[in-house]
Amino acid sequence: MLRHALESQGFVVVEARDEQEARASLAASLPSVVLTDLRLPVGDGFGVLRAAKDADPDLPVIVMTAYGSIQDAVAAMKDGALDFLAKPVDPEHLLFMVERALAQRRLMSEYNLLKEEAARRRGMPEIIGESSVLRQTIQSVQRAAGSDTTVLLEGESGTGKELFARALHALSERGPGPFIAINCAAIPETLLEAELFGYEKGAFTGASQRKPGRFELAQRGTLFLDEVGELPMPLQAKLLRAIETKRFERLGGTATIQVDVRLVAATNRGLRQAVANRQFREDLFFRLSVFPLTIPPLRDRPSDIPLLARHFVERTCRDLGRRTLTLSDRTVQLLSSYQWPGNVRELQNAVERAVILADGDALRPGHLNLQAGAIRAVPPADPWESIDLDGTLSEAMARVAAEVERRKIVRAIRDAGGDRGRAADMLQVGYKALHSKMRDLGIDADARG
Ligand SMILES: Nc1ncnc2c1ncn2[C@@H]1O[C@H](COP(=O)(O)OP(=O)(O)O)[C@@H](O)[C@H]1O
Ligand SMILES: [Mg+2]
């Protein structure tokens with residue numbers, strides 16, 4: 001009866017008499033939906049359910065159960081059944097349930113595809129910036145990603161060297177492989193070699209177990225050597241050999257390990273100068289700088305500052321679960337006139353802190369806590385640029401009007417030698433009106449400008 005109902009709707013039905021037969025058909029052909037009675041001549045529906053879930057955890061299973069044994073149905077659903085039908089089964093109800101199970105399965109696989117897609121995209125970091133220097137750098141990264149050459153990223157701390165290294169990896173054919181970073185400045189010299197090349201058990205005191213190095217972990221991926229200029233001389237020689245031969249031995253080991261790794265290095269100091277000072281091997285320098293890329297400091301691309309600031313404001317607000325704050329014009333001005341000695345990293349930290357401190361709808365200069373010494377003296381710009389245009393038209397007008405009134409009154413009082421009566425005459429307003437305006441605008445009674 002069930003077979004007839006399903007076939008009438010165009011479904012292909014495979015029948016099984018008991019658990020054993022069901023397991024065999026599951027193995028032979030994976031169905032889209034499994035429909036099973038909980039009671040079977042041999043084995044039971046729970047066994048069929050387990051077999052189905054083993055074959056595919058997302059496979060929908062509908063169980064049928066005699067009227068009055070709801071308990072069994074509940075147990076089956078706890079074991080992963082999608083739904084249950086009480087016997088005698090109503091064919092209409094059965095068809096409805098099968099259709100729904102299939103729709104759910106489609107959604108599930110679409111969702112899984114989306115999730116994979118999102119994960120793939122997460123591998124590619126978002127790089128913000130529209131300045132032409134940054135655009136050029138991004139283009140160079142794209143070009144470098146198409147080849148397997150060694151790339152040297154040069155730039156001040158916080159300019160985005162690691163970000164670009166990750167982007168390079170994600171864009172390259174090695175994208176699905178690992179991205180392994182090692183900061184040569186952050187690891188003590190004595191441990192650096194073991195970290196890079198790994199060691200065998202007993203290679204030195206404390207080596208209680210074999211450990212693979214970062215070179216090995218980066219197999220078929222990218223190895224990012226951060227602050228490569230800090231690499232001690234003896235290790236420079238060993239690194240050069242590893243790069244040239246793509247082989248090395250673990251510490252205390254004799255077996256030669258062959259690796260397929262792409263190298264990206266970064267430095268925040270002039271490596272060329274270090275070579276001149278004999279602190280860095282020239283041959284290694286040439287090896288690393290096959291494709292040199294310089295990331296300009298943030299102060300040299302001021303047009304990126306507002307974009308980055310807005311990006312970090314949005315992200316921080318999202319993380320905190322609060323509405324996005326706007327940036328007042330004066331805030332943007334202040335951010336743009338700051339030198340950013342710590343580059344994008346400093347901007348990111350400043351914005352995150354400011355968002356946490358801000359209580360209203362807008363981020364204002366007072367929320368930022370910038371080092372006064374690094375604020376550039378801005379050349380006298382277009383005076384209109386300094387007017388705060390936030391809020392509605394009447395709010396902006398009121399702000400401007402109040403500022404003009406305040407300045408005009410302060411100047412009149414100064415010009416009148418502090419005599420408010422004369423100042424009122426000069427301004428052609430009544431003495432009382434002047435008095436109340438001064439109070440409203442918070443002008444000190446003794447103001448002399
Ligand atoms: N163009 C950019 N767009 C978005 N975020 C950036 C950009 N440049 C840098 N960052 C962010 O700034 C921080 C510092 O970047 P990082 O790559 O660690 O700098 P570096 O390695 O040069 O010191 C990171 O959080 C990074 O994501
Ligand atoms: Mg870094």
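Atoms within each ligand, like the ligands themselves, are counted from 1 in listed order.
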Practice item. Please state whether E126 comes within less than 4.0 angstrom of ligand 1, counting heavy atoms only. Key: yes
Check your understanding: Just by modelled atom types, is the L363 backbone N or O under 3.5 Å from a matching donor or acceptor in the T331 side chain?
Key -> yes
Review point. What about K161: any of its N or O atoms under 3.5 Å from an N or O on ligand 1?
Key: yes
Point to revise | Salt bridge D260-R174, side-chain N to carboxylate O under 4.0 Å | key: yes
Revision key, fill the gap. To atom 20 (P) of ligand 1, the nearest of P125, G158, G342 on a heavy-atom basis is G158
Check your understanding: Ion pair present between D390 and R399, side-chain N to carboxylate O less than 4.0 angstrom?
Key -> no
**Study point:** Partner of P232 under side chain to side chain contact (heavy atoms under 4.5 Å, CB included), chosen from E193, Q279, E189
**Key:** E189
**Study point:** Which of the ligand 1 atoms, numbered from 1, are nearer than 4.0 Å to a heavy atom of S157
**Key:** 23 (O)
Check your understanding: Could you walk me through whether D440 and K437 pass the salt bridge (charged side-chain N to carboxylate O under 4.0 Å, His left out) check?
Key -> CA-CA 5 Å; D440 289 345; K437 275 217 179 298; 6.0 Å; no
Study note, to complete from the structure: Nearest heavy atom to atom 12 (O) of ligand 1, choosing from R301, E162, Q348, belongs to Q348
Review point. In terms of residue, atom name and distance, what is the protein heavy atom nearest to atom 9 (C) of ligand 1?
Key: V344 CG1, 3.3 Å
Study note, to complete from the structure: Nearest non-hydrogen contact to atom 7 (C) of ligand 1 from the set N349, L163, L298, D304 belongs to L163
Practice item. Distance to 0.1 Å, residue and atom name: give those for the protein heavy atom nearest to atom 18 (O) of ligand 1. Key: R345 NH2, 2.9 Å
Point to revise | Carboxylate-amine/guanidinium contact R407 E403, below 4.0 Å | key: yes
Practice item. Please verify whether a non-hydrogen atom of G155 lies at under 4.0 Å from ligand 1. Key: no
Check your understanding: Which atoms from ligand 1 have a heavy atom of L308 less than 4.0 Å away?
Key -> 2 (C), 3 (N), 4 (C)
Check your understanding: With a 4.0 Å cut-off, would you call E282 and R287 a salt bridge?
Key -> no
**Study point:** Proximal ligand 1 atoms for I127, defined as those under 4.0 Å from one of its heavy atoms
**Key:** 1 (N), 3 (N)
Revision key, fill the gap. Looking only at protein heavy atoms, what sits closest to atom 19 (O) of ligand 1 is G160 N, 3.1 Å
Exercise for review: Check whether the ring centres of F215 and F197 lie less than 6.0 Å apart, and answer yes or no.
Suggested key: yes
Exercise for review: Take R166 and E162 through the test salt bridge (charged side-chain N to carboxylate O under 4.0 Å, His left out) and record every step on the way to the result.
Suggested key: CA-CA 6 Å; R166 286 183 188 278; E162 180 158 356; 3.0 Å; yes
Check your understanding: Among E200, E216, E195, which one satisfies salt bridge (charged side-chain N to carboxylate O under 4.0 Å, His left out) with K211?
Key -> E195
Revision key, fill the gap. Ranked by distance from atom 1 (N) of ligand 1, the top protein heavy atom is I128 O, 2.9 Å
Point to revise | Atom indices of ligand 1 within 4.0 angstrom of E156 heavy atoms, with elements | key: 22 (O)
Exercise for review: Decide whether the shortest distance between a heavy atom of R166 and an atom of ligand 1 is less than 4.0 Å.
Suggested key: no
